[in-house]
Amino acid sequence: MIKVKICGICHEVEVGIMNELMPDYVGFVFIPKNRHFVAPEYAALLRSKLRKGIQTVGVFANESLKTVAMCAEVSGINLIQLHGNETGEYIASLREYTRCKIIKVYKVIKPIDAEKAMYSTADYVMLDGGNAGDGKIFDWSLIGPVHRKFFLSGGLTPENLDKALALSSQPYALNVSSGVEANRTKDYRKVMKFISTVRNFKGQKAVSV
């Protein structure tokens, strides 16, 4: 089944929503200038209140290896998401600091960008259209045939979700943040509609974690 990642969790009330609706992943943003930023210590507190079975992801951009490793250890996240200009060499070095699985984000402006993502050494790739959390959709026709698991991100909402689900290259997971918010906070009804639409989609292929 296609999986769901709700990113930008900042408050305990949002944790309550996640515990009831059970997305596959939730994300904590460790990018200081991002409005969803949380300190690793607070992320650890929020993570401790999440139900078992929800994987936690820490989002970083152009951060030092030691800082990423420290935040991962303090917060207790399961996966690291790299949203900057991190190279294959950076990913290789990061594996020496942490056992967390790695998601590398690729900004897709032209077809070759998606093609580059297919050869990434990260455990997963995420195809996005802009900067971390800016909520901009991109031209999904640029994705082309994809031969590995990928997260789809950028401008997703409950209203345009049907188009994402209909892509010929089916995403492994769908990533959403501001698209399920009201008044800059995760909205129960929007999150519920997003997750239920994905879970009830009939055309999805079986995938493994």
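Keep in mind that the numbers below use all heavy atoms, side chains included, and drop hydrogens, waters and symmetry copies.
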Colleague: Would Lys104 and Tyr106 count as a cation-pi pair here, with the cationic atom under 6.0 angstrom from the ring centre and within 45° of the axis?
Modeller: yes
Colleague: Atom CG in Leu127, atom CG in Asn175: separation rounded to 0.5 Å?
Modeller: 11.0 Å
Colleague: Using the benzene-type ring in the case of Trp, are the ring centres of Phe60 and Phe30 under 6.0 Å apart?
Modeller: yes
Colleague: For the pair Val57 and Gln81, evaluate side-chain contact (heavy atoms from CB on, under 4.5 Å) and give the outcome as yes or no after the intermediate values.
Modeller: CA-CA 7 Å; Val57 183; Gln81 180 177 317; 3.7 Å; yes
Colleague: Could you tell me whether the side chain of Ile2 reaches within less than 4.5 Å of the side chain of Tyr172, counting heavy atoms only?
Modeller: no
Colleague: How far does CE of Met118 sit from CD1 of Ile112, to the nearest 0.5 angstrom?
Modeller: 12.5 Å
Colleague: As an exercise, state the distance from CG of Leu65 to CZ of Arg95, rounded to the nearest 0.5 Å.
Modeller: 12.5 Å
Colleague: Find the distance between CD1 (Ile143) and CD (Glu115) and round it off to the nearest 0.5 Å.
Modeller: 14.0 Å
Colleague: Show, in sequence, the C-alpha distance, side-chain angles and deciding distance for Asp162 and Thr197, and conclude whether the side-chain contact (heavy atoms from CB on, under 4.5 Å) test is met.
Modeller: CA-CA 8 Å; Asp162 57 334; Thr197 299; 5.9 Å; no
Colleague: Determine whether Phe151 and Tyr25 satisfy the following criterion, ring-ring contact (aromatic ring centres under 6.0 Å, His included), listing intermediate values before the conclusion.
Modeller: CA-CA 11 Å; Phe151 288 69; Tyr25 302 90; 5.5 Å; yes
Colleague: So do the side chains of Ile137 and Lys163 get within less than 4.5 Å of each other, counting heavy atoms only?
Modeller: no
Colleague: Indicate if Ile9 and Leu45 have the same hydrophobic cluster label, given that clusters are the connected sets of ILVMFWY residues with side-chain heavy-atom separations under 4.5 angstrom.
Modeller: yes
Colleague: What I want to find out is whether Arg199 reaches Asp24 closely enough, with some N-O distance under 4.0 Å, to be called a salt bridge.
Modeller: yes
Colleague: Step by step, work out the side-chain contact (heavy atoms from CB on, under 4.5 Å) result for Asp123 and Ile103.
Modeller: CA-CA 6 Å; Asp123 298 287; Ile103 305 169; over 6 Å; no
Colleague: With no hydrogens and no angle check, just 3.5 Å: does a side-chain donor-acceptor pair link Ser141 and Asp139?
Modeller: yes
Colleague: Does Ser120 reach the side chain of Lys116, with side-chain heavy atoms less than 4.5 Å apart?
Modeller: no
Colleague: I'd like to know if Glu181 pairs up with Lys190 as an ion pair, taking the criterion as any Lys NZ or Arg NE/NH1/NH2 lying under 4.0 Å from an Asp or Glu carboxylate oxygen.
Modeller: no
Colleague: Go through the steps for Gln55 and Lys5 under the test side-chain hydrogen bond (donor to acceptor under 3.5 Å, both in side chains), then give the verdict.
Modeller: CA-CA 9 Å; Gln55 297 284 295; Lys5 175 174 174 280; over 6 Å; no
Colleague: Any side chain to side chain donor-acceptor pair (under 3.5 Å) pairs touching residues 61-76, not counting sequence neighbours?
Modeller: Ser64-Thr67
Colleague: For the atom pair CZ (Arg51) and CD (Glu20), what is the distance rounded to the nearest 0.5 Å?
Modeller: 9.0 Å
